[in-house]
2 protein chains.
Amino acid sequence: MSKPTLKSVAKALGVSTATISNAFNRPDQLSVALREKILTACATLGYDGPNKAAQSLRKGSSGIVAVILSDSLEYMVSDPVASQFLQGVARELERQQKHLLLFSGNSTNLDTITDFVDGFICYGAPRNLALIEQLRHCKKRVLTVDFDLPGRPSVNIDNEQAAYDSAMAVLKPDDIVAVLGLRLIDAPDSQPVGSAPMWDNQSSVSHRRLDGYQRAMEALGLTLGTDYLWHTPESNQEYAAKAAKAVLNQVPQPSVLLCMSDLIALSAMRVALQLGIRIPEQLRVVGFDGIEETLRYHPTLTSVWQFSDRKGEAAARAFQSGVDSCQLLPYELRLGESS
Amino acid sequence: MSKPTLKSVAKALGVSTATISNAFNRPDQLSVALREKILTACATLGYDGPNKAAQSLRKGSSGIVAVILSDSLEYMVSDPVASQFLQGVARELERQQKHLLLFSGNSTNLDTITDFVDGFICYGAPRNLALIEQLRHCKKRVLTVDFDLPGRPSVNIDNEQAAYDSAMAVLKPDDIVAVLGLRLIDAPDSQPVGSAPMWDNQSSVSHRRLDGYQRAMEALGLTLGTDYLWHTPESNQEYAAKAAKAVLNQVPQPSVLLCMSDLIALSAMRVALQLGIRIPEQLRVVGFDGIEETLRYHPTLTSVWQFSDRKGEAAARAFQSGVDSCQLLPYELRLGESS
DNA sequence: CTGTTAGCGCATTCAG
DNA sequence: CTGAATGCGCTAACAG
């Protein structure tokens, strides 16, 4: 026998299809006794409720929320900040009894899934720019995180202000400052930004952070020398180490490293210590993000904590709420031994 | 205007709905010229193909594959082995143009999504046992990884043999052996297994590994003392360190540590070095899994490499292929400085 | 409280 | 190559 359908059980029980439907979806539409009878009968028949696919076609909503990652799943899953975000989203979605569909940011076609999902939570601007265009015109609900799309709700922190705060907390009047940036230009390896054209200046959190660093430096009369601003294509150990090595071997040697992620900062500290540079005496280091690992490492890192798990929860909640506002989440500057 | 449907564009173009459908799904059913004309017309109309939800209802398949994680998403994304597996699955699914729905292993109801997906790839026995029961009777395709379900295809490595091999590679006749196990009993903290009842003896990879260790020890005439077999609830630093500390402070002190994951082994090595125990002179350590981090750490770890990313790819391929066999993937014993 | 009806958007016959 | 018809499984009106 094949799987029972609403119609087949209705016939088997001698009632109308609407009654079965109501038994599952609108308990107030029939007597408790009848409902009870129907439900137990369904259980023995092996019918466990209306077909969700048909339900979705009919109602126009499925209870599935797609999370679009900026990069490949590959990268995202290995990045502690993204993982934390995903955890938050998953936790809140579970609370809402919704499901999570992971969608890679370098996919090409949104419409392979739009019809299945209730909407999109978009974590960081997708690497594939065509996706952004599609998200713009998408009929479904779209919420962005860590970037903005005109007319769409979003969840962010104030990256510029946070970066400014963190820089102000460590900078001194005579500092030689270097910045280890993340995805500032379109280059596949670590390298000084130099005069390369900046990348999607508008939406990137990195550029907002750079703005903040620079505002702080201006406030103190400091300038960022050419070759003291480095680009890193990804937030990982290798790229960061390469950039850190280069920057720390320059003359004059930097006295402060402003890093656009904690992973970069940790890697830079390792390099510095290997080079015999003492932290914080000879070099102060600041990170960004706030990840657990910095608490286990010594010296502990001064950093902006942005609580990505809560950001994930907030995003999922805002998505669900239907509110169309752009909210700014709080962050926290935490001073560590590195400054 | 609302979103165009197959019917509405058919009317607009003055052809039948079947023709539009064929233009998208069965190119051989109409002339190239007409198809071309229809496709471009659709593009300008803003119709980007048949509604996937309706298509799924009609055809009974959606192109979405659910991956059921054994634990919460929370735990899974932070575990390098699980992450690697997920990466492999994602990579292969992307190749197949399929989508990935993440499903937590402690959810209760499979049927909230069965109707949406083409089936399930189940990574490790779900923590919630009710899910297993549902998977058993599920009409859709189910493929298990790292455990088996009667009548279902699976992807595994030979854990028993791999554990045996790794133990044989390091054990010497007069060794004092300790085992740092993973999820051997149902306890929320690290503790000696003692006489606690073993947990789901059948399906767990941990028990297969323990079997392998024990076979190797028997072969060498060694026995595993009470209190030298420890349970860890999760593969993480804290639980592992606690177990390692306890075990290494016992008298006589173990000369070999057989660890059921690389994360546990790394943590144990850190503890040992802190205690002033030299590796491998005073203590040899063996891990299991094969993760990148062990290559950066010194001493490098002797371990069984099981290439979880390839396992993920293999799982996704086997799922797609429709073959119902249970395949055993190769593993590789790699000797490091820890033995 | 219950049954009837009309779609949700589509794919597949089948006759032309 | 085309068009009409049927139903995938369900829900929301509406009438009783």
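Here is how names work: the chains are called A, B, and so on, in the same order as the sequence lines, proteins then strands, and each is numbered from 1. Because the structure is predicted, anything quoted here is derived from the model rather than measured.
For the pair B/Lys11 NZ and C/dC10 P, the interatomic distance rounds to 13 Å; values are reported in whole Å. Put simply, CD on B/Gln55 is 16 Å from P on D/dG9, counting in whole angstrom units. Protein atom CG of A/Leu57 is 14 Å distant from nucleotide atom C1' of D/dA12, rounded to whole Å. If you measure from atom NZ of B/Lys7 to atom P of C/dC10, you get 10 Å, rounded to the nearest angstrom. Note: CG (B/Asn51) to C1' (D/dG9) measures 15 Å, nearest angstrom. Atom pair B/Ile38:CD1 and D/dC1:P shows a separation of 11 Å (rounding to whole Å applied). Going from atom NZ of B/Lys3 over to atom P of C/dC10 covers 9 Å, rounded to whole Å. Straight-line distance from the NZ atom of B/Lys59 to the C1' atom of D/dG9: 18 Å, rounded to whole Å.
Counting only heavy atoms from C-beta on, A/Pro50 has its side chain closest to D/dC10 among D/dC10, C/dC10, C/dT12.
Taken residue by residue, residues 15-35 of chain B places heavy atoms nearer than 4.0 Å to DNA chain C at B/Ala18, B/Ser21, B/Asn25, B/Arg26.
Note on ring orientation: taking the six-membered ring where Trp is involved, the planes of B/Phe85 and B/Tyr123 are parallel (angle under 30°, cut-offs 30° and 60°).
For the helix from C/dC1-D/dG16 to C/dG16-D/dC1, the angle separating the two terminal helix axes comes to 40°, with each axis derived from five pairs and the value rounded to 10°.
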Practice task
List the steps, then state whether side chain to side chain contact (heavy atoms under 4.5 Å, CB included) holds for B/Val65 with B/Gln96.
Solution key: CA-CA 11 Å; B/Val65 177; B/Gln96 298 173 17; 5.8 Å; no
Problem - Residues A/Arg141, A/Asp324; criterion salt bridge (charged side-chain N to carboxylate O under 4.0 Å, His left out); working and verdict - result: CA-CA 10 Å; A/Arg141 182 162 178 79; A/Asp324 271 5; 3.1 Å; yes
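By the 4.0 Å N-to-carboxylate-O rule, B/Arg35 lies too far from B/Asp28 to be salt-bridged with it. The pair A/Glu133-A/Arg136 counts as a salt bridge, with a side-chain nitrogen and a carboxylate oxygen less than 4.0 angstrom apart. Ion pairing of B/Lys59 with B/Asp118 is absent here, as no side-chain N (NZ or NE/NH1/NH2) approaches a carboxylate O to less than 4.0 Å.
Every residue two or more places apart in sequence or in another chain that forms a side chain to side chain contact (heavy atoms under 4.5 Å, CB included) with B/Ser104 is listed here: A/Glu94, B/Asn106, B/Ser107.
Residue B/Tyr47 places no side-chain N or O under 4.0 Å from the OP1 or OP2 atom of C/dG9.
A salt bridge (charged side-chain N to carboxylate O under 4.0 Å, His left out) with B/Glu92 is found for one member of B/Arg310, B/Arg317, B/Lys98 and no other, namely B/Arg317.
Rounding to the nearest 0.5 Å gives a distance of 11.5 Å between OG of B/Ser62 and CD1 of A/Ile113.
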